[in-house]
Amino acid sequence: MEINYKSGFQVPEPSSRPGDTPNFSYLSLPSPLDSVRPDTSCKASEMRDLAYGLVRVLDDSGMAVGPWNPNVDAEFLVRGLRAMEKTRLFDERMMRAQRQGKTSIYVQCRGEEAVSCAHQMALEKGDMCFPTYRQQGLLIAQDFPIVDMMCQIFSNAKDKLGGRSLPFFYSERDYGFFSISGNLGTQFIQSVGWAMASAIKGDDRIASGWIGDGASAESDFHAAMVFASVYQPPAVLNVVNNQWAISSFHGISGGAEANFACRGHGFNIASLRVDGNDFLAVYAASSWAIERARKNLGPTLIEWVTYRAAAHSSSDDPSKYRPDNSFDLWPLGDPILRLKNHMIQLGIWSEEKHQALIDELTLEIKEAGKQAESFGTLGKGSKPSVSEMFNHVYKDMPAHLRRQRQKLGV
Amino acid sequence: MEINYKSGFQVPEPSSRPGDTPNFSYLSLPSPLDSVRPDTSCKASEMRDLAYGLVRVLDDSGMAVGPWNPNVDAEFLVRGLRAMEKTRLFDERMMRAQRQGKTSIYVQCRGEEAVSCAHQMALEKGDMCFPTYRQQGLLIAQDFPIVDMMCQIFSNAKDKLGGRSLPFFYSERDYGFFSISGNLGTQFIQSVGWAMASAIKGDDRIASGWIGDGASAESDFHAAMVFASVYQPPAVLNVVNNQWAISSFHGISGGAEANFACRGHGFNIASLRVDGNDFLAVYAASSWAIERARKNLGPTLIEWVTYRAAAHSSSDDPSKYRPDNSFDLWPLGDPILRLKNHMIQLGIWSEEKHQALIDELTLEIKEAGKQAESFGTLGKGSKPSVSEMFNHVYKDMPAHLRRQRQKLGV
Amino acid sequence: MATMNMLQAIRDALDLKMADDDNVVIFGEDVGYFGGVFRATDGLQKKYGKNRVFDAPISELGIIGAAVGMGAYGLRPVPEIQFADYILPAYDQIASEAARLRYRSSGEFFAPITIRTPCGGGIYGGQTHSQSPEALFTHVAGLKVVMPSNPYDAKGLLISSIEDDDPVIFFEPKRIYNGPFDGHHDRPVVPWSKHPASEVPEGLYRVPIGKAAVALEGSELTILAYGTMVHVAIAAAQESGINAEVIDLRTLLPLDEETIVASVKKTGRCIVLHEATQTSGFGAELATIVQEHCFYHLEAPILRVAGYDTPYPHAQEWDYFPGPARVIDAMREILETA
Amino acid sequence: MATMNMLQAIRDALDLKMADDDNVVIFGEDVGYFGGVFRATDGLQKKYGKNRVFDAPISELGIIGAAVGMGAYGLRPVPEIQFADYILPAYDQIASEAARLRYRSSGEFFAPITIRTPCGGGIYGGQTHSQSPEALFTHVAGLKVVMPSNPYDAKGLLISSIEDDDPVIFFEPKRIYNGPFDGHHDRPVVPWSKHPASEVPEGLYRVPIGKAAVALEGSELTILAYGTMVHVAIAAAQESGINAEVIDLRTLLPLDEETIVASVKKTGRCIVLHEATQTSGFGAELATIVQEHCFYHLEAPILRVAGYDTPYPHAQEWDYFPGPARVIDAMREILETA
Ligand SMILES: Cc1ncc(C[n+]2csc(CCOP(=O)(O)OP(=O)(O)O)c2C)c(N)n1
Ligand SMILES: Cc1ncc(C[n+]2csc(CCOP(=O)(O)OP(=O)(O)O)c2C)c(N)n1
Ligand SMILES: [Mg+2]
Ligand SMILES: [Mg+2]
């Protein structure tokens with residue numbers, strides 16, 4: 001056999017590095033008019049194309065068009081815009097607080113606000129999200145008291161989690177927000193288990209699992225896909241492809257060879273690839289998948305194409321591995337700007353109204369921040385009692401732990 | 001929203017259980033003429049159909065037809081038939097030996113002989129297989145000394161692995177046969193790592209990884225797919241779908257909703273679904289994937305559709321969970337019979353020649369068996385020395401282990 | 001009362017809890033239609049339906065990860081891991097997730113799951129069907145670790161475990177499923193029916209988690225054991241004529257230090273016995289606790305009899321397995337000291 | 001000689017071994033272009049190319065599984081696990097595969113891999129950036145487990161580990177990457193340059209695996225420690241004025257029992273110190289070995305100072321972290337006894 005050897009070993013490389021002009025030519029942008037919206041009862045095998053396309057609603061002129069247009073009313077749009085803007089301003093303030101030493105670490109979701117906010121607005125009370133650390137929008141879109149979030153971030157005495165957990169690892173059962181884990185991916189299969197339980201009980205609550213592009217390489221992703229395929233539980237499985245996993249671009253998790261939506265095809269799971277910076281597309285696709293799950297028609301895998309506009313976390317410096325201005329050139333734009341422009345196009349919004357919104361939210365966050373800080377910040381002011389670290393290891397404290405606590409004298 | 005709830009929880013169920021007539025209507029059997037054989041440089045995205053089809057060469061009349069016909073010569077066919085028959089007879093003898101208490105456990109590959117034998121015949125010296133416990137054909141097709149296999153199975157003093165490992169967990173580096181692990185799936189990602197190393201070194205050796213339909217649910221499968229997608233190493237990734245994983249049918253690992261070949265689509269890995277009981281199809285598809293790998297054109301995932309004709313192992317009783325005569329009705333037939341019939345059709349073989357082959361192999365195996373038994377069987381006759389259990393834990397025995405060995409007085 | 005072997009006692013506990021609590025669900029590899037490779041769930045799918053007893057994909061990670069999610073929902077999952085050797089792929093979901101969920105969420109979410117898994121050697125299972133990984137779990141805060149040694153305890157402890165709101169690793173020493181194996185592999189198998197602990201009450205009852213039992217009273221030395229090794233220890237005592245006290249720990253975490261300490265203070269000598277490899281095995285924790293609390297009562301160093309620090313060999317199983325002979329040697333050694 | 005901190009010493013060892021042996025390859029999450037979140041591999045991709053230093057998908061299982069395959073091929077992989085907390089998804093590939101391959105194949109295949117991973121607390125990393133899982137590995141026959149406490153040892157031990165034909169878990173206590181932290185979080189950071197062990201030879205040299213060091217000579221009691229805790233122990237000794245001998249274990253498996261036993265026989269008292277949770281921690285193994293070999297020399301029970309048996313808390317980090325105060329308390333307690 002005559003064989004021509006191609007040489008060596010392949011390691012994928014992002015299209016641009018510090019010093020380069022950001023290059024996003026790898027992303028093709030179909031028009032919202034080109035996509036198809038199948039019925040929620042569509043067989044997964046009949047909608048494979050959707051994983052290779054991009055569900056969009058907002059066109060270049062900022063109008064809502066095409067089959068996925070959810071046709072929501074003005075009040076809904078204002079709520080969505082408000083949730084996104086509040087999330088962003090909250091993040092900014094917390095980031096500053098971190099810089100001032102008021103907490104140990106902070107993680108923003110800048111650029112990805114539409115994904116969590118619009119998704120949340122499609123969920124119902126009783127549904128359960130299994131988020132990562134970058135879905136604070138799920139809480140904020142429900143008007144969760146941000147002062148409580150801040151108290152946890154500041155690890156003060158009002159931190160409901162008693163200082164035990166990392167600052168932004170919220171757990172809010174009543175808000176359908178599962179306890180965040182620091183171990184990437186683990187919650188993805190847990191969401192499938194929760195959905196299986198819902199199906200076993202004949203309940204109509206659905207689970208929404210979350211994972212990042214990077215973390216989708218973890219084993220838990222596979223387990224979630226296998227179990228979702230086998231038991232067809234009412235779950236929506238969200239992959240937030242924000243293009244980066246700390247310093248590694250999506251190609252390092254296999255996102256250059258293939259995308260993340262098409263991972264579902266190997267399991268015959270309905271798969272959507274969606275413009276995650278298009279608030280209306282996120283809402284529409286979420287609603288589709290949620291309806292499908294609630295009708296018990298099967299799970300859906302959704303790839304949200306978005307961009308991590310900020311650093312990975314307060315400990316990270318992205319200028320070390322990607323061009324500084326990459327978000328400015330990101331072809332899907334800024335989700336807040338895009339919704340705002342749409343609303344201005346519709347004639348229901350203006351720059352003035354937007355400024356007023358920002359002012360109002362800024363004030364609200366500032367007040368909340370003051371209040372939270374008045375209870376203390378990391379290591380300053382009131383703090384969770386030391387004995388809290390011995391609580392909730394077990395339901396009832398076993399003898400050996402009680403002895404350890406007593407020895408410490410707390 | 002008006003929602004119609006479908007009820008409850010789905011658990012897939014095989015099409016037949018003990019007492020039922022075996023029902024294999026789920027398997028559709030395309031003609032060999034219908035399949036397409038792309039060039040080995042074909043892009044994965046351009047050959048997705050192949051994962052939903054079934055590569056076949058032998059038609060219903062036993063002739064080799066269609067684009068995948070490898071057009072091998074008579075001598076090759078005889079070699080293949082011989083390897084498969086020898087594998088089966090070997091298994092039968094070892095199974096009897098287990099029943100006679102000469103070993104603790106045995107696992108046959110009955111019904112799946114074509115997969116390993118024909119695959120091996122497409123490999124070259126220097127390539128490395130990472131097999132499961134059901135690919136003894138990889139060794140036998142190389143005329144590996146069966147008496148050595150038997151000595152290991154009998155755990156006698158000539159067991160090259162010193163009695164440390166389970167009977168049939170061979171390790172034969174010089175025969176491109178990686179050490180078998182009892183932990184399902186683990187070797188799949190290892191094969192990808194080995195292939196990555198080969199690419200890093202600019203070598204032209206390829207790795208061939210093996211996994212079962214059941215074990216494909218394990219995390220290692222996902223890791224293998226992710227790494228294969230990212231680094232495009234020279235690997236052939238084989239899923240042996242013999243329809244069963246102990247008592248669980250392939251639907252319990254997601255093989256009813258989707259098949260195993262299409263798992264590759266989520267990673268843009270070239271994927272083939274192949275009639276695993278068609279010796280020529282196995283050889284042709286293996287050759288295709290091996291050439292692709294050797295030319296460094298990328299990895300291939302292959303689903304071998306076959307049937308576990310025997311019990312899972314000597315500890316298993318399949319009549320408890322599937323109809324007794326299921327293999328007789330298996331639509332892809334018996335790989336040995338099919339090749340034999342083909343050769344008779346070609347006029348190069350006959351019932352008499354076949355009987356002579358069986359007689360010759362039976363004698364060979366019997367002689368080998370006698371020889372191996374003369375060295376001892378489990379617990380009888382010569383055995384590996386007790387001190388062997390302390391060897392090869394580390395390259396050099398550390399002090400604490402030496403003390404333990406000394407205390408035991410060996 | 002009924003006479004049961006370990007497997008029957010375990011199946012009975014599962015059956016009763018399934019009947020008692022709709023939230024109990026069982027799943028794992030081959031546990032559904034087939035009833036499990038050791039048949040511990042035989043008949044349960046037929047009785048309770050596929051909604052509550054079902055086969056799972058071969059993904060230990062998936063089995064436990066799904067169980068954590070189900071537990072958070074409000075179910076009480078009892079997943080089976082086919083062999084304890086195969087629990088490792090699920091280790092992260094157990095140690096980082098099931099064990100931590102309550103702590104992370106201030107008890108808002110928790111994982112009331114009972115992971116049943118057959119462990120231990122003595123069946124010619126080689127490296128991957130013989131291991132005793134309990135020490136990997138006793139190091140994890142948030143877990144409970146249980147290993148019964150007889151049918152009575154197995155049923156009562158399994159019921160307690162299922163009812164417990166914390167995650168429990170329930171190890172089943174597979175060598176004693178059918179009889180109280182004492183390490184004499186060359187003697188005829190003794191069935192459970194000859195053993196008093198095979199007398200098992202019919203309905204629900206609990207053996208409390210965290211309580212050891214004195215399996216054999218004695219005064220010359222104390223042997224701390226659990227699972228199969230309890231029977232080995234008793235055999236060693238009886239055969240040697242040494243008046244040993246054998247403590248059956250039953251629960252490894254949280255540990256019943258009181259019973260241990262009381263015994264060693266009485267006898268002044270202590271042997272720690274387990275099948276798992278010695279280094280960093282649970283015996284190290286036991287020995288450390290004993291010397292912490294009984295230092296002034298100890299008349300000789302605490303000795304360990306444990307698996308050698310090698311993978312579990314196949315052909316040399318009976319040289320590897322800590323049988324009565326090794327225990328007797330250790331007893332003689334410890335009695336000869338000082 | 002050059003003055004280096006731990007990170008520089010580690011990077012230097014990697015650099016030298018990359019240059020020395022073509023078969024050495026480095027991969028892991030963010031280790032390529034970026035040079036690792038702690039920057040331990042900074043500059044190495046540029047120097048040795050993407051073929052030999054590259055980013056890996058976020059799959060610890062995949063990273064180690066691939067490394068095992070590469071090792072079997074003949075490479076000498078040095079994978080990084082970003083935080084030791086995240087090594088658990090790879091636990092099965094480490095314990096069942098890397099550690100067993102040689103045994104299973106009579107040495108035909110083996111896994112000469114060195115898994116580098118930052119461990120330990122003191123950086124406000126909360127539950128998932130602070131753990132010390134060494135005891136999960138010391139229980140596994142076939143592995144070697146190393147944890148250096150200073151730049152000199154870090155470089156010499158890392159070179160030995162890479163050259164070793166057995167799989168090595170190389171724990172890097174991240175709190176001392178930049179300075180010899182002694183537990184006084186409220187005092188200014190001391191840089192490595194003030195510490196003698198920051199004097200590091202320029203070329204290749206080896207610190208042998210399996211040899212402990214006497215970090216501080218003393219006579220009143222022995223403290224067994226490793227990693228960050230070596231500095232805590234020394235600080236506790238100095239601040240209390242107690243004449244303690246501090247043993248820096250450096251390698252946990254195989255353990256240098258001789259050095260330990262010699263010290264405890266000399267001092268008659270022993271404290272075991274580690275960050276990991278106490279129950280079934282490596283301290284239990286240490287205490288057990290000490291009482292086995294030094295029983296007649298011990299004048300007081302061996303005490304453990306260790307992490308409490310809880311997950312690693314965030315806000316209470318400095319109450320949780322075993323600092324000099326807790327060590328001093330233990331020293332006083334042990335000296336007051338008998
Ligand atoms: C099991 C595990 N491995 C590694 C890490 C360290 N880590 C934290 S975030 C991160 C990148 C995650 O990227 P992605 O999943 O894309 O999510 P994103 O940060 O982009 O939202 C890594 C590697 C971790 N938290 N858990
Ligand atoms: C990690 C792990 N989990 C469970 C088992 C027990 N087990 C051995 S074989 C088997 C079924 C495997 O089925 P499949 O992968 O389809 O291979 P086949 O036996 O059909 O060749 C199971 C569950 C194991 N060996 N390893
Ligand atoms: Mg990302
Ligand atoms: Mg199978």
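Quantities reported herein were computed from a predicted structural model and do not represent experimental measurements.
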Residue pair B:E218 / C:E60, side-chain heavy-atom distance below 4.5 Å: yes

Option in B:I252, B:V393, B:L408 with maximal non-hydrogen atom pairs under 4.5 Å from chain C: B:I252

Contacting region of B:P398 [heavy-atom separation from chain C under 4.5 Å]: neither

Per-residue contact mode, B:N156 against chain C (heavy atom under 4.5 angstrom): neither

Best-contacting candidate, B:S165, B:G254, B:S385, B:S315, against chain C by heavy atom pairs under 4.5 angstrom: B:S165

Under 4.5 Å from any heavy atom of chain C - which part of B:L166: both

Contact origin within B:K383 toward chain C - heavy atom pairs under 4.5 Å: neither

Value rounded to 0.5 Å, distance of CG in C:D309 from CE in B:M397: 12.0 Å

Residues of residues 21-47 of chain C within contact distance of chain B, non-hydrogen under 4.5 Å: C:D30, C:Y33, C:F34, C:V37, C:R39

Value rounded to 0.5 Å, distance of CD in C:Q278 from CD in B:Q404: 5.5 Å

Heavy-atom pair count under 4.5 Å with chain C, highest-scoring of B:G379, B:P384, B:A217, B:S181: B:A217

Which portion of C:T310 sits near chain B, non-hydrogen atoms under 4.5 angstrom: both

Euclidean distance, C:T128 OG1 relative to B:I180 CD1, rounded to 0.5 Å: 11.0 Å

Short side-chain to backbone donor-acceptor contact, C:Y86 and B:G182, under 3.5 Å: yes

Ring pair (Phe, Tyr, Trp, His ring centres under 6.0 Å) partners for B:Y26, two or more places apart: B:H250

Exceeds 12 heavy-atom contacts within 6.0 angstrom, atom NZ of C:K50: yes

Test log, rule side chain to side chain contact (heavy atoms under 4.5 Å, CB included), inputs B:I246 and C:Q82: CA-CA 12 Å; B:I246 311 185; C:Q82 199 164 82; 3.6 Å; yes

Heavy-atom side-chain proximity of C:D329 to B:K407 below 4.5 angstrom: no

Contact origin within B:P18 toward chain C - heavy atom pairs under 4.5 Å: both

Part of residues 312-322 of chain C lying next to chain B, heavy-atom separation under 4.5 Å: C:Y312, C:P313, C:H314, C:A315, C:Q316, C:D319, C:Y320

B:K160 atom NZ, neighbour heavy-atom count above 12 within 6.0 Å: yes

Side chain / backbone / both / neither for B:A245 at chain C, heavy atoms under 4.5 Å: both

Part of B:H400 lying under 4.5 Å from any heavy atom of chain C: side chain

Proximal to chain B - members of residues 62-75 of chain C, heavy-atom separation under 4.5 Å: none

Approximate separation, where rounding is to 0.5 Å, of C:S59 OG and B:L184 CG: 11.5 Å

